[in-house]
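What follows is a single structure, written as structure tokens, with notes after it.
To find a chain, count down the sequence lines: A is the first, B the second, and so on, and within it residues start at 1. Note that the coordinates shown come from a computational prediction; the quantities given were computed from them, not determined experimentally.
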Amino acid sequence: MLRVAIKGVLARKLRLLLTSIAVVLGVGFVAGAFFLTDSMRDSFDSLFTEASRGIDVHIQSEEYKELVEKQATSAPGTITIDLARVGVPPTVIEQVKDLEGVDQVAGSIFEFGATVLDKQGKPIQNGGAPAFGANWVAEAEDIGALRLVKGKAPKRDEVLLDATVMETGKFQLGDDVRVLTQGGRKVEEFTVSGVVKFGESNNLNGATITVFETSRAQELFDMGDRFSAVEVKADEGINQVELRNRVRATIGDRYDAITGKEFTNEQTESIDNSFLSIIQNVILGFAAVAVFVGAFTIFNTFTILVGQRTREIGLLRAIGASRRQVLGIVVLEALITGIVASTLGIIAGYGIATALREILGAVGFDLPGADFPLRTRTIVASYLVGVIVTLVASVIPAVRASRLSPLEALRANPAHAGRGWKAPAFGTLLLVGGSLLVLRGFQVEDASVSETLSAIGGGFALAIIGIALLSRIFILPVTKVLSPIFAWGTAGKLATGNVLRNRARSATTASALMIGLALAALVLVFQASLEKTVDAEIDRTLGSDITVYNSAALSSGYGYVDQDDLEEIKQVDGVESVASQYYGGASIGSKFDADEAKIITAFDEPVLQEDGAIKLQVVDGEGEPGDGGVLVDEDIAKDQKWKVGDTARFAFSTDQDRKFEVVGIYEPNEFVGAPAIITKEAFDELQAPAVQAPAFTYVSVEDGRSASKVSDAISKDLGTDGAYLKIQDTEALRDTFRDQLAPILGLVFGMLSLSLIIALFGIGNTLALNVFERTREIGLLRAVGATRRQMRRIIRTEAILVALFGAIVGVLVGLAAGWALVTALKDEGFEFAVNAVPLVAVLGLGIIAGLLAAVFPARRAARTDVLQAIATE
Amino acid sequence: MVAHMSTLASSPSSPSGLAASVRDAVKIFGKGETSVTALQGVDLDLPRGGFTAVMGPSGSGKSTLMHCMAGLDKLTSGSAEIGGDKLETLKDAALTKLRRRKVGFIFQAFNLVQTLTARENIELPLRLDGESPDPKWFDEVVGRLGIADRMDHTPTELSGGQIQRVAVARALVSRPDVIFADEPTGNLDQTSGAEVLALMRAAVDDYGQTIVMVTHDATSAAVADRVLFLFDGKIVDTIEDPSADTVFERIRSLSTGGAN
Ligand SMILES: Nc1ncnc2c1ncn2[C@@H]1O[C@H](COP(=O)(O)OP(=O)(O)OP(=O)(O)O)[C@@H](O)[C@H]1O
Ligand SMILES: [Mg+2]
């Protein structure tokens, strides 16, 4: 039986190839995802090994560690770290220094927020990677990864730059350089005294590092005389655990000591849980789309192959093969195909990983790592996916074929199928079930992100399969409508007949395209709706003409306007008034709880009236907080059951708390961006110094002056000093909001092009197999006088009809899903909008995919030899 | 009627009054040791308006002869002509046009395009040319064949005999110079077979259609004006105005006495 199966595979080399393409692509993506993440893992691993060089014991305060973790996952501005309080004091160094077994001790500083400005004043940043500031510890040279490769240690007004920044900024030793520090609160000038490398690498996986003299770093990060951490290097032959225990015994439990190894593991874990898991999910998302779309193609291919062989199966059954044997042969064939294709898929994975890295890089996700390691897990996962998908796709048609009685099989006409009611009924079930699941995903409030995503993703997948099964019903009416437009004459009529002859097959073929385009349409609807929503929100809430903010705020989430620059803006001709907004974290109650922290904001001018910089829609009470008062938004008021006149108590990261009187309640407001507003005086008193800098500055221009001209004048006046700022009139601000969607759009369009490619193979594949299947008919057509050109036109038209059907259904499904999504987000203020032009472009893309897919099968059909076709049985 | 007249008017383009002919036709399949000579020097003239039957044992080259005469296959040497066109000089596009306009072909089975209705199948050669059939002629043919009420059915809804009649109709409607029929009744029961044969006979008698037909059945062959016997790629005998008996007699003598 194995021999029959192998012969079966080999006898159909071309068909094997066609089937394999779909599997190869799907597996290629799975393998590619693992290649990429493994490669990144390796690069981080070596980085962390590098970073923990010479660190045998690492001392840090527990609170600091927690705050850093929270900061990474909270809304920008909510968590500020008061380093002067949670840092490690120098007394710890003194305590540890003389311990037995300690070789060197270093008080190290390593914090977010030291951005180097290039000579034009623009921040040097690699995509969204962070900018770190560190200190130089000359007396503990063997600790940490920083290596001085050129120049000398920094004095108070000097810095060391990493090799990448040196190159991008075209800096020389001795050059002046301006650095935005503490999240861009101040711009200060330094002299470049040397160049550092991070171990062997020029930078820290894309992040920049600027190294200061220690006391200067402590000033910049407002940390008093403290450090981010204290690192201890052990004497030769001293065990890390032993030293750690000794350190613990000495410093007590106010500070937490861990071994260097534990430190590395912690870092690896945190990167696994954040950055890497996001990237991996993104790529696995690509893979899922690829496999999902590919599965349709594989399924189709096997259905056709088995269909074509129904007669052969009948013959086998007639001469005495059992059902089980027949099934066995098909399954074995699938197994062989799956294994061969998975192997090819792993090889393709290398190419796909390389391409993905380029694509992701182009849309702003720069991925670290160089080589692609082949891990056992990659091999296992690839073979599992490839073989299982192939098996599942082949077993259904095989079971169907083996159920036929030998005579039925011999008589079967494989070309006609797909008119039963079972599939559509099942499809309806899946569609409804899937939709419910998606709805649930949106509604369940306290589900984890992965639960929500898998509910939405899984529901979407089920619904799509449902629609694919259902679409065999409406392929008839849709094609009837399309035919007169796209399929003229006899060739058109023949093509239409071909499309409708096996509706199930045509519908499945179209599904591959449908999924991609549904995704695209969904995103386009979402984008159009978001734009409309943003526009409406800007109109509703923004009263000022020009908004000024630190460009770092766009990527890292926080960044401030320098106080001196603020003064200068006020002097610019045409500026009428300037108001600034401040953000900080606070939690409700008497004890500050970083987990529950919300943003609290303050304005330094009374700007909240109807004609002020911010249009606040007050539902009850006053429109300004006033002395000792707080304005709260409707949501939080409802949550806390606050009414005007009630007392609201807030606690701050500075360990202070205060009771405010609720003097007004307002509608949630995009530009206020916080659920509570207090006075600037209260803010200054209660918040950490680190956040006492303007995050947004609103400029109103004098009557009759053009906002864009005045904003140009401000830029010109500030010159290179102001280059780190975004100075935007309302139009430019709108564009910025829109651009923030660009990376996500880029990703989705990556997936779209991917599914387009697979759909292209799918349609081409099915058409090619149809051409094989219909060899006799094509021969007949040629015999009664169809020219080669007419044959090609028939196949091309068939492809266009199928592709258009897929595209139309896809766009409709996407529109419906988009509408549902936007409706579900109505509470967030979303408004539904559709932009027709890109949707039509997407439809056009579908037709082009169809035409491309038809090239090979059409040629094949045109070349069909009349006599051979007639002789084919 | 106009289309009908014009095809009639253009038909006698061949000065010889022949619808089709082959001279010294040789067809060799394959090369070297394994080559098979299917035709070895066949000369055949098909006079306009004649009904010719071709008989011979299996493998004698009947189908090959039809294919080569109809322009579906090329002769290894010799020449073939249809309506004055020398087939060996024509390229694929021209041959396709010729098949469309001057040749009708009826196969033993699988004669119709499954997705098209009977009407569409009959009109196919003309439609491929961007023309439409003369409605009177169409109705007449279809009426005579007794399939007028089946025109909007697809092949799956037709009986075997009806399918073959649709195939005959397709061959007749474009009024080709010659209709080639390779065992057109081989798949049919006797009654249906006889009906199809009668219709072909009528096409010859009433419209002056030229038909060549391959058959294994003496009774069927007797419907023709003359019967050719093919043996080993050569015409070994001819009977004019055959009857079933004379044909049967000749088959017996050929198979017992052999060709030599
Ligand atoms: N494509 C081909 N390649 C090789 N040999 C061929 C090919 N087609 C036909 N032959 C050979 O040519 C000879 C004539 O075949 P042909 O099909 O013309 O016979 P036939 O008289 O139609 O037989 P039947 O009555 O069985 O249909 C046979 O020996 C056959 O094996
Ligand atoms: Mg034959």
In Å, rounded to the nearest 0.5 Å, how long is the span from CG of B/Leu75 to OG1 of B/Thr64?
-> 10.0 Å
Against chain A, work out which of B/Glu120, B/Lys97, B/Glu123 has the most heavy-atom pairs shorter than 4.5 Å and name it.
-> B/Glu120
Are B/Met69 and B/Leu46 close enough that some pair of their side-chain heavy atoms sits under 4.5 Å apart?
-> yes
Pairwise side-chain contact, B/Gln209 with B/Pro176, heavy-atom cut-off 4.5 Å (strictly under) = yes
Quick one: what part of A/Arg789 sits under 4.5 Å from any heavy atom of chain B, side chain, backbone, both or neither?
-> neither
Which atoms of B/Leu98 come close to chain A, meaning under 4.5 Å heavy atom to heavy atom: side chain ones, backbone ones, both, or neither?
-> neither
Side chain to side chain contact (heavy atoms under 4.5 Å, CB included) partner of B/Pro125, chosen from B/Arg101, B/Arg99, B/Arg170 = B/Arg170
